[in-house]
2 protein chains.
Amino acid sequence: MVRMSADERRESVIRAATSEFARGGYHGTSTEAIAKRVGVSQPYLFRLFPGKKAIFLAASERCMEDTVRTFADAAEGLEGEEALHAMANAYTKVIAEQPERLMMQMQMYVAVAAAEAEGDHAFGEAVRAGWMRLWDTVHLPLGADVNETTVFMAFGMLINCLVAMGFPPGHRVWEGMYPSARFQGRLEK
Amino acid sequence: MVRMSADERRESVIRAATSEFARGGYHGTSTEAIAKRVGVSQPYLFRLFPGKKAIFLAASERCMEDTVRTFADAAEGLEGEEALHAMANAYTKVIAEQPERLMMQMQMYVAVAAAEAEGDHAFGEAVRAGWMRLWDTVHLPLGADVNETTVFMAFGMLINCLVAMGFPPGHRVWEGMYPSARFQGRLEK
DNA sequence: CTAGTTAGTGATTGAGTACTAACTTATTCG
DNA sequence: CGAATAAGTTAGTACTCAATCACTAACTAG
């Protein structure tokens, strides 16, 4: 038996939960599945977190945080066309290497409506705040142009949806997306 | 007691299921909730459909069909900029009047990954086929320009996500989107 | 070495859920 | 009318799942 500090365990739980929730969504994922992936007993999760919802929230916030950082790091020190190119490339890397992060995003979005319908207003607030943080993070490097930022985010959401639907790389739906030369031409105007 | 033909009932079930699945997703929606909304006993659903998955599939296909028709009708007899404007307006109307159709789309997309992970390849195939039908439907009126079509679809997906997250009308995230004059300027180049 | 704390488990429970089987009621039509 | 058929219900089963409780094993400070 490998013992860890509670904080380290919580980290493991967040990672495992992200993978599981990304696949099955909130309701399609059992706490037992998460526990199994962590390598810990199911009841122990409830000592690390007050409940399943708290685990989902933690995974959601981590997901947003990671994405914000991805873009912030990519665009660091760059501006305009160069920043755009760098951020697009960074996201391309995420698509290939961590598609579960995109899926977790999607699961987050659809979970808001459900939560709000049940009276849980806090979750939606957190997700919207995360989105605004993400928005602002790409907005400045892109020259604070609302239209350009909106297009950038739109492409991101299209990518998420295409990945969710399982379109394989190389399929014609990706044609209008790669290379990010597309973005470049757009900014030049 | 109001009796209906099985086919009529199935229609009611599809409509009710769309509303319920849009909110809770596949796993977050019970067949009892659907039955209640239809006004029929829960076991009777299993006489109208072979199982819950079949209901979800039927609702998904209907959702795609409706969206394809929305765009086809809007763009009928129009081309280029005019078609773009008409389709954008049509979708704006859907956002306002039937947000559940957008949510059902999202639920469909995330359900594909889960289904595929469970070995159900057929559902994903159906959704991807629907997407391609939708793509082709907007592609021609937009002048068969891959880039324009991709941007159009991207905006659609961004809208879906913003609606899912519950951003209210008038919020600044919508700024870069309305009016669809945005689209017009884009095509003129 | 021992007392206290922290990490972790096993057993269980109560609520919910997809689906089945057997039965009942309305409608149609010869 | 009366029998066949189609629409619908009630009761029940087998199962899953989040959460609780009572307990044990490991680490650490004095």
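These numbers come from a predicted model, not from an experiment. Here is how names work: the chains are called A, B, and so on, in the same order as the sequence lines, proteins then strands, and each is numbered from 1. Any value given below was found using the heavy atoms of this structure, including those in side chains, with hydrogens, waters and symmetry copies removed.
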Q: Would you kindly give the CD-to-P distance between B:E11 and D:dA7, to the nearest whole Å?
A: 15 Å
Q: Whole angstrom is fine here: how far is it from NZ in A:K52 over to P in C:dA15?
A: 18 Å
(Q) Tell me the interatomic distance from B:K53, atom NZ, to C:dT17, atom C1', rounded to whole angstroms. (A) 16 Å
(Q) Please find the pair of heavy atoms, one from A:I55 and one from A:I34, that lie closest to each other, and give the distance. (A) CG2-CD1, 4.5 Å
Q: Rounded to the nearest angstrom, tell me the gap between atom CD in A:E8 and atom C1' in C:dG8.
A: 15 Å
(Q) Does D:dG8 have OP1 or OP2 under 4.0 Å away from a side-chain N or O of B:R9? (A) yes
Q. Taking atom C1' of D:dA6 as reference, at what distance in whole Å does atom CZ of B:R10 sit?
A. 12 Å
Q | Distance-only side-chain donor-acceptor flag, A:E20 / A:T29, under 3.5 Å | A | no
Q) In residues 41-50 of chain B, which residues come under 4.0 Å of DNA chain D by heavy atom? A) B:S41, B:P43, B:Y44, B:R47
Q) Within less than 4.0 Å of OP1 or OP2 of C:dT17, is there a side-chain N or O belonging to B:T31? A) no
(Q) Rounded to whole Å, please give me the gap between NZ in B:K36 and P in C:dA18. (A) 12 Å
(Q) Checking contacts here: which listed nucleotide (C:dA7, D:dA18, D:dA7) is nearest the side-chain heavy atoms of B:S5? (A) D:dA7
Q. Between A:F123 and A:F56, what is the ring plane arrangement, given parallel below 30°, perpendicular above 60°, and tilted in between?
A. tilted
Sequence neighbours excluded and cut-off under 3.5 Å, please list the side-chain donor-acceptor pairs for residues 104-119 of chain A, or say none.
unit_1: A:Q105; atom_1: OE1; unit_2: A:Y109; atom_2: OH; d: 2.9
unit_1: A:Q105; atom_1: OE1; unit_2: A:N160; atom_2: ND2; d: 3.0
unit_1: A:Q105; atom_1: NE2; unit_2: A:Y91; atom_2: OH; d: 3.3
unit_1: A:Q107; atom_1: NE2; unit_2: A:A22; atom_2: O; d: 3.3
unit_1: A:E116; atom_1: OE2; unit_2: A:R128; atom_2: NH2; d: 3.4

Q. Of all the nucleotides listed (C:dA18, D:dC17, C:dA7), which has the minimum atom distance to the side chain of A:S30?
A. D:dC17
Q: With rounding to the nearest 0.5 Å, note down the distance linking OG1 in A:T67 to CH2 in A:W131.
A: 10.0 Å
Q: Under the side-chain contact (heavy atoms from CB on, under 4.5 Å) rule, what do B:F152 and B:H139 come out as? Steps first, then yes or no, please.
A: CA-CA 9 Å; B:F152 184 81; B:H139 191 50; over 6 Å; no
(Q) Distance check needed: D:dA18 C1' versus A:E20 CD, whole Å only. (A) 16 Å
(Q) I want to confirm an ordering. Mapping B:G39 and A:H27 to their closest nucleotides on DNA chain D, which one lands closer to the 5' end? (A) B:G39
**Q.** Ion pair A:E11/A:R62, N-O distance below 4.0 Å
**A.** yes
Q: State which of C:dT9, C:dT6, C:dT27 makes the closest approach to the side chain of B:R3.
A: C:dT27
Q: Round to a whole Å and report the spacing from CG of B:D7 to C1' of D:dG8.
A: 16 Å
